[in-house]
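Some notes on the structure that comes next.
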Amino acid sequence: MKVFESRMKSSEPNGYPVLVFIHGGGFGFGSTSKYGYEHLSQNFVSHDIVVVTLQYRLGPFGFFSTGDYILPGNTGLWDQMYALHFLHQVLPYFGADPNRITVWGHSAGAASLSGLAISPHSSHLFHRGIQMSGSILCEWAMNDRVVEHSKELATELGCETDGSTKIHDCMKNKTAKEIIAATEKLDPVKTSMQKYKFQPRKDGEFFPFSPEVLMKESERIPFMVGVTDLEMGMMVHQPYHPVLNRMAIPDDKKKTYNAKDLELFISEAVVPHWETGREGGRFRNALLEHFVDRDPSDDPEVYLKRAAEVNFLTDVYTYF
């Protein structure tokens, strides 16, 4: 956790307002360090806002689950909840007001934010939200397949999987390096709407009921909701990204990238869970019509940009 503070005392009697940022990364990668301090200080601290960035456990360290009370999962969300709880205790020492906390999240951070807003364990710990390109209702953000993937990881690590207690005890004896190496062998990203193997689940604890039920019963918090432009460009322009490489476009293909390549990209990487061929899936057909058939061009950059756009669109499809 990093805290950047203004040197001047606030004119407000209870101190400065607080902005807490939760980074994205599909619950499996990313960190606060990539954001640094300079832009946060220039854009927010200079306007008398105390800024906090949160780090939370990722991948199997944050979301491994056996689907029961032995390893229910959602540890990464509990990390965020306890961080907010901690802030209530320390913010007054930084001249900040713990009763004016805005949580801002991007992608998985936005999904985390919406999860924090509906969980009875955390909804009372902040007062406003900025939800950017993600929701706990996204198909990639919450599903019970994490249990299946957790058992796959346990098997890869040589653990018996015929009982949750055995899995728990075996995993506790594995080093972080061993777990990371085994996770990479499993290919932590899948080319589907449910891209990531380790994410939140309906656990009966952090989420006592389904998100739909919790949304009706949770406290009403003012929210700003939106998306970012071309955020999925990283999946197109980083062919050797250690996590996202299966969604990327190779460097040698970028120079000649065309409409046919984009059509294959949509069919094979973006929405492979639908039928192949133009007859399969109304949403897939709409993607082809809008991104492939619209305004033909000989410029590879046009279709590379559209590849990033369509990748982003499918990520937020279930959200909207």
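Keep in mind that what you see is a predicted model, and the values were worked out from it rather than measured. Values below: every heavy atom of this structure, side chains too, minus hydrogens, waters and symmetry copies.
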Practice problem: Could you tell me the separation between the CE atom of Met171 and the CG atom of Asp169, rounded to the nearest 0.5 Å? | Solution: 11.5 Å
Quiz prompt | Ring centres under 6.0 angstrom apart (Tyr56, His23) | solution = yes
Self-check item: Minimum side-chain heavy-atom gap Ile101-Leu91 below 4.5 Å
Solution: yes
Quiz prompt | Ser122 (side chain) donor-acceptor with Met81 (main chain) under 3.5 angstrom | solution = no
Quiz item: Got a donor-acceptor contact below 3.5 angstrom from the Asp79 side chain to the Arg57 backbone?
Solution: yes
Exercise. Report the distance from atom CG of Leu262 to atom NZ of Lys305, rounding to the nearest 0.5 Å.
Key: 13.5 Å
Quiz item: Got a sec: does the CG of Asp299 have more than 12 other heavy atoms crowding it under 6.0 Å?
Solution: yes
Quiz prompt | Any donor-acceptor N/O pair, Ser41 side chain to Tyr37 backbone, under 3.5 Å | solution = yes
Practice problem: Would you name the heavy atoms of Pro300 and Lys255 that are closest together and state the gap between them? | Solution: CG-O, 3.3 Å
Quiz item: Where is the tightest heavy-atom contact between Ser123 and Ala117, given as atom of each residue plus distance?
Solution: CB-O, 3.3 Å
Quiz item: Rounded to the nearest 0.5 Å, how far does OG of Ser210 lie from NZ of Lys202?
Solution: 5.5 Å
Practice problem: Keeping the roles fixed (side chain from Gln55, backbone from Thr32), state whether a donor-acceptor pair exists under 3.5 Å. | Solution: yes
Quiz prompt | Crowding at NE2, His88 (>12 non-hydrogen neighbours, <6.0 Å) | solution = yes
Quiz item: Quick one: does Asn74's side chain have a donor or acceptor within less than 3.5 Å of a partner on Arg201's backbone?
Solution: yes
Self-check item: Heavy-atom side-chain contact between Pro98 and Pro92 under 4.5 Å
Solution: yes
Quiz item: When you look at Asp68 and Thr66, which way does the side-chain hydrogen bond (donor to acceptor under 3.5 Å, both in side chains) test go after all the steps?
Solution: CA-CA 6 Å; Asp68 53 28; Thr66 53; 2.7 Å; yes
Practice problem: Return the minimal non-hydrogen interatomic distance between Phe63 and Phe198, and the atom names on each side. | Solution: CB-C, 4.0 Å
Quiz prompt | CE/Met224: more than 12 non-hydrogen atoms of other groups inside 6.0 Å | solution = no
Quiz prompt | Val45 side chain reached by Leu40 side chain, heavy atoms, under 4.5 Å | solution = no
Quiz item: Taking Glu178 for the side chain and Thr175 for the main chain, is one N or O donor matched with an acceptor at less than 3.5 Å?
Solution: yes
Practice problem: Look at the side chain of His290 and the backbone N and O of Ala286, then say whether any donor-acceptor pair between them is shorter than 3.5 Å. | Solution: no
Quiz prompt | Over 12 foreign heavy atoms within 6.0 Å of NZ, Lys253 | solution = no
Exercise. Give the minimum heavy-atom separation between Ile118 and Ser218, together with the two atoms involved.
Key: CA-CB, 3.8 Å
Self-check item: Stepwise side chain to side chain contact (heavy atoms under 4.5 Å, CB included) test for Phe21 and Phe44
Solution: CA-CA 12 Å; Phe21 179 71; Phe44 301 106; over 6 Å; no
Quiz item: Can you tell me how far SG of Cys159 sits from NE2 of His168, rounded to the nearest 0.5 angstrom?
Solution: 11.5 Å
Quiz item: Applying the side chain to side chain contact (heavy atoms under 4.5 Å, CB included) test to Phe126, which of Leu116, Val20, Leu87 qualifies?
Solution: Leu116
Self-check item: Ser114 side-chain N/O to Ser135 backbone N/O, donor-acceptor pair under 3.5 Å
Solution: no
Practice problem: Determine whether Val147 and Lys151 make a side-chain contact, defined as any pair of heavy atoms from C-beta on separated by less than 4.5 Å. | Solution: yes
Quiz prompt | Step-by-step side chain to side chain contact (heavy atoms under 4.5 Å, CB included) determination, Val103 to Leu84 | solution = CA-CA 9 Å; Val103 177; Leu84 292 172; 4.1 Å; yes
Self-check item: 4.5 Å side-chain heavy-atom contact, Leu137 and Glu212
Solution: yes
Quiz prompt | Minimum heavy-atom distance between Ser297 and Tyr303, given as atom pair plus value | solution = N-OH, 3.0 Å
Practice problem: Would you mind reporting whether Leu77 and Ser119 have side-chain heavy atoms less than 4.5 Å apart? | Solution: no
Self-check item: From Leu214 atom CG to Phe207 atom CZ, the distance as rounded to the nearest 0.5 Å
Solution: 7.5 Å
Practice problem: Quick one: pull up OG1 in Thr256 and CG in Asp261 and give me the separation to the nearest 0.5 Å. | Solution: 6.0 Å
Self-check item: Test side chain to side chain contact (heavy atoms under 4.5 Å, CB included) applied to Thr53 and Tyr35, step by step
Solution: CA-CA 9 Å; Thr53 58; Tyr35 299 95; 5.5 Å; no
Quiz item: Hey, is CZ on Phe209 packed in by over 12 heavy atoms from elsewhere, all under 6.0 Å?
Solution: no
Quiz item: Within the side chain of Thr161, is there an N or O that forms a donor-acceptor pair under 3.5 Å with the backbone of Thr155?
Solution: no
Self-check item: Heavy-atom check, side chain of Tyr69 versus side chain of Ser164, under 4.5 Å
Solution: no
Self-check item: Residue pair Ile70, Ile167: steps toward the side chain to side chain contact (heavy atoms under 4.5 Å, CB included) verdict
Solution: CA-CA 9 Å; Ile70 301 296; Ile167 295 175; over 6 Å; no
Quiz item: Closest heavy-atom contact between Pro72 and Asp203?
Solution: O-CB, 3.7 Å
Practice problem: Keeping the roles fixed (side chain from Thr102, backbone from Gly129), state whether a donor-acceptor pair exists under 3.5 Å. | Solution: no
Quiz item: Does a side-chain heavy-atom distance below 4.5 Å link Ile266 with Glu263?
Solution: no
